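Accompanying notes for the structure given below.
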Protein chains: 2
Amino acid sequence: MDIEQHKIPQATAKRLPLYYRFINNLHSQGKLRVSSKELSEAVKVDSATIRRDFSYFGALGKKGYGYNVEYLLSFFRKTLDQDEITKVALIGVGNLGTAFLHYNFMKNNNTKIEYAFDSNPEKVGTEIGGVPVKHIDKLEDIVKGDITAAILTVPSAAAQGITDRLVHSGVSGILNFTPARITVPEHIRVHHIDLSIELQALVYFLKHYPLEAGEEQEE
Amino acid sequence: MDIEQHKIPQATAKRLPLYYRFINNLHSQGKLRVSSKELSEAVKVDSATIRRDFSYFGALGKKGYGYNVEYLLSFFRKTLDQDEITKVALIGVGNLGTAFLHYNFMKNNNTKIEYAFDSNPEKVGTEIGGVPVKHIDKLEDIVKGDITAAILTVPSAAAQGITDRLVHSGVSGILNFTPARITVPEHIRVHHIDLSIELQALVYFLKHYPLEAGEEQEE
DNA sequence: GGCAGATTGTGAAAAACTTAACGACTATCT
DNA sequence: AGATAGTCGTTAAGTTTTTCACAATCTGCC
């Protein structure tokens with residue numbers, strides 16, 4: 001089964017959590033069916049792309065009818081949540097880290113932030129958004145063998161050092177919010193999200209790609 | 001000149017701010033020249049892609065030599081900063097909003113957050129990261145005609161309402177950090193960044209696309 | 001039961017993006 | 001001066017992603 005999964009395009013994989021959330025919304029609103037066109041308007045993805053994305057998983061809909069929300073939801077739950085919850089650690093309880101901890105993650109979600117780490121003694125020992133804050137010195141002890149992924153919200157000067165310790169403690173993925181581009185062994189996956197770059201890119205697009213009626217938006 | 005700019009692929013445009021920052025770093029480290037290979041290792045983008053990206057702007061480098069850091073920097077400054085600074089407003093001074101305000105934006109940057117808005121009377125009137133916090137009721141008065149883009153860091157229930165007010169006040173771009181997919185007229189550009197989806201996508205990739213030696217990383 | 005209208009799933013084409021490969025050129029070493 | 005190693009810009013090939021467009025087929029109504 002894992003072999004076949006490889007046929008799902010990465011672009012599709014990135015949209016799955018988005019679909020999942022909106023289907024969840026529809027379900028809690030009591031909606032029974034939805035068409036690719038409706039969904040398209042809600043998530044801002046072309047309806048043909050949605051149908052194509054869904055089709056990678058087989059025939060989830062019915063012609064002339066659309067998709068059954070209940071069925072779609074249970075399908076996504078099975079596909080995305082897959083067995084067990086992924087345990088995550090968050091490093092760096094500044095403003096950004098705190099924002100993450102307050103996010104209501106467990107809703108519709110296959111991930112749980114188990115621990116946060118910081119070096120500030122005023123924060124260590126407290127609990128934020130239900131997540132205990134540990135001292136950064138304990139990183140290896142606590143993470144080792146138990147945690148799969150890490151969210152990196154430390155100052156960029158500390159990024160590579162903490163990364164090395166995370167890799168050494170066996171995490172397989174890092175969500176890097178620092179401006180530093182961290183270096184990791186080949187088997188570790190890193191996604192970078194850089195707030196400053198996102199803003200600059202938006203501004204560049206505003207200046208150089210003014211939207212005319214009919215042009216579409218992208219992520 | 002603006003007409004020709006349209007030939008730059010969007011994928012390239014998104015990488016420009018990243019290149020810009022690293023070239024800046026190199027420059028402040030006193031480095032005089034850099035090759036696409038070196039740069040590739042620093043920013044984690046294939047060296048051929050970098051050469052291709054740069055080439056959209058003409059011949060910036062010298063064969064057998066590489067790129068002159070000083071020249072590259074002045075070129076990017078001209079291209080990205082383009083005349084004047086873009087004025088930005090931030091709506092919602094929660095943890096995420098505060099993180100943004102503390103970001104050192106003006107460094108290497110063509111954008112400035114001029115005002116923040118919130119409804120909390122304890123925050124209104126203060127200044128965070130050098131940015132004055134105004135009451136949300138004043139949004140239209142202050143934004144109108146002066147502000148080009150907005151960063152939306154409000155609770156998702158408020159997202160569409162604030163969006164409508166921003167559009168009405170004449171902003172052309174919105175960086176939306178709420179999980180809601182907002183609806184705007186066609187001439188307004190929206191970039192969505194959804195923290196929860198980023199985490200879920202990372203986890204999905206970890207489970208279904210385990211990295212082997214030789215596979216590459218993407219954003 | 002039958003028909004009008006709706007909507008999927010997908011083949012095929014187009015578009016967008018990345019990567020490999022190489023000719024042309026530079027710098028430096030001996 | 002010639003040899004060597006390094007590097008760009010670009011052509012061409014490859015890959016991935018999006019979009020079009022429509023037959024197949026289901027629903028809902030009469």
Side-chain angles (χ1 to χ4, degrees), chain A residues 5-16 18-19 23 26 31-72 75 201 205 208-209 214-219, chain B residues 5-16 18-19 23 26 31-72 75-76 201 204-205 208-209 214-219:
Chain A
Q5 293 277 10
H6 249 295
K7 295 205 300 215
I8 295 164
Q10 304 213 348
T12 297
K14 285 189 195 167
R15 284 187 291 262
L16 295 181
L18 181 63
Y19 297 147
I23 292 161
L26 293 176
K31 218 148 177 317
L32 296 179
R33 58 186 264 191
V34 64
S35 70
S36 60
K37 186 144 160 279
E38 274 179 284
L39 203 49
S40 168
E41 276 151 29
V43 301
K44 318 286 181 196
V45 171
D46 185 272
S47 69
T49 302
I50 293 178
R51 291 200 301 281
R52 166 82 67 212
D53 283 347
F54 284 6
S55 79
Y56 290 116
F57 298 99
L60 300 181
K62 277 213 201 83
K63 296 178 181 188
Y65 174 88
Y67 300 90
N68 179 297
V69 172
E70 184 90 34
Y71 178 70
L72 215 47
F75 178 82
F205 275 75
H208 296 281
Y209 300 77
E215 274 194 60
E216 99 297 353
Q217 302 260 337
E218 90 311 328
E219 195 73 345
Chain B
Q5 294 277 11
H6 249 296
K7 294 206 300 215
I8 295 163
Q10 303 212 350
T12 297
K14 284 189 193 167
R15 284 187 291 263
L16 294 182
L18 180 63
Y19 297 148
I23 293 160
L26 293 175
K31 220 150 176 318
L32 297 180
R33 57 186 262 193
V34 65
S35 69
S36 60
K37 186 144 160 277
E38 276 178 284
L39 204 49
S40 167
E41 277 151 30
V43 301
K44 318 285 181 196
V45 170
D46 187 273
S47 68
T49 302
I50 293 178
R51 292 201 299 283
R52 157 83 71 239
D53 283 347
F54 284 7
S55 78
Y56 290 116
F57 299 98
L60 300 181
K62 276 214 202 82
K63 297 180 181 188
Y65 173 89
Y67 299 91
N68 179 297
V69 172
E70 183 89 35
Y71 178 70
L72 216 46
F75 177 82
F76 269 85
Y204 184 86
F205 275 74
H208 297 280
Y209 300 77
E215 276 194 59
E216 98 297 354
Q217 304 259 337
E218 92 308 327
E219 196 73 342

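What you see is a predicted model, and the numbers here were worked out from it, not measured in a lab. Below, read A as the first sequence line, B as the second, and so on, with proteins coming before strands; counting in each chain starts at 1.
A distance of 6.5 Å separates CZ in A:R51 from OH in A:Y67, rounded to the nearest 0.5 Å.
Note on B:T49: a side-chain N or O is less than 4.0 Å away from OP1 or OP2 of C:dT19. In terms of phosphate contacts, A:S36 brings no side-chain nitrogen or oxygen within less than 4.0 Å of OP1 or OP2 of C:dT7. Between A:R15 and D:dT18 there is a side-chain N or O to OP1 or OP2 distance below 4.0 Å.
Here C:dA6 presents its P atom at 17 Å from OH of A:Y67, a figure rounded to the nearest Å. What separates CD1 of A:I50 from P of D:dT18 is a distance of 12 Å, to the nearest Å. In this entry the distance linking CZ of A:R51 with P of C:dG11 reads 14 Å, nearest Å.
If you find the closest nucleotide of DNA chain D to A:T12 and to B:G58, the one lying nearer the 5' end belongs to B:G58.
Within 3.5 Å, no donor on the side chain of B:R52 pairs with an acceptor on the base of D:dT10, nor the reverse.
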Kindly give the atom pairs (protein nitrogen or oxygen, nucleotide nitrogen or oxygen) under 3.5 Å for nucleotides 25-30 of chain C.
from	atom 1	to	atom 2	distance (Å)
C:dT26	O4'	B:K63	O	2.8

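The two residues A:I50 and A:S36 make their nearest non-hydrogen contact at CD1-O, 3.9 Å.
Looking at the side chain of A:A48, the nearest of the listed nucleotides D:dT19, C:dA20, D:dT10 is D:dT19.
For B:R33 (side chain) and B:Y65 (main-chain N/O), a donor-acceptor pair under 3.5 Å exists by modelled atom type.
The C1' atoms of five pairs define one axis at each end of the helix from C:dG1-D:dC30 to C:dT30-D:dA1, and these two axes lie 20° apart (to 10°).
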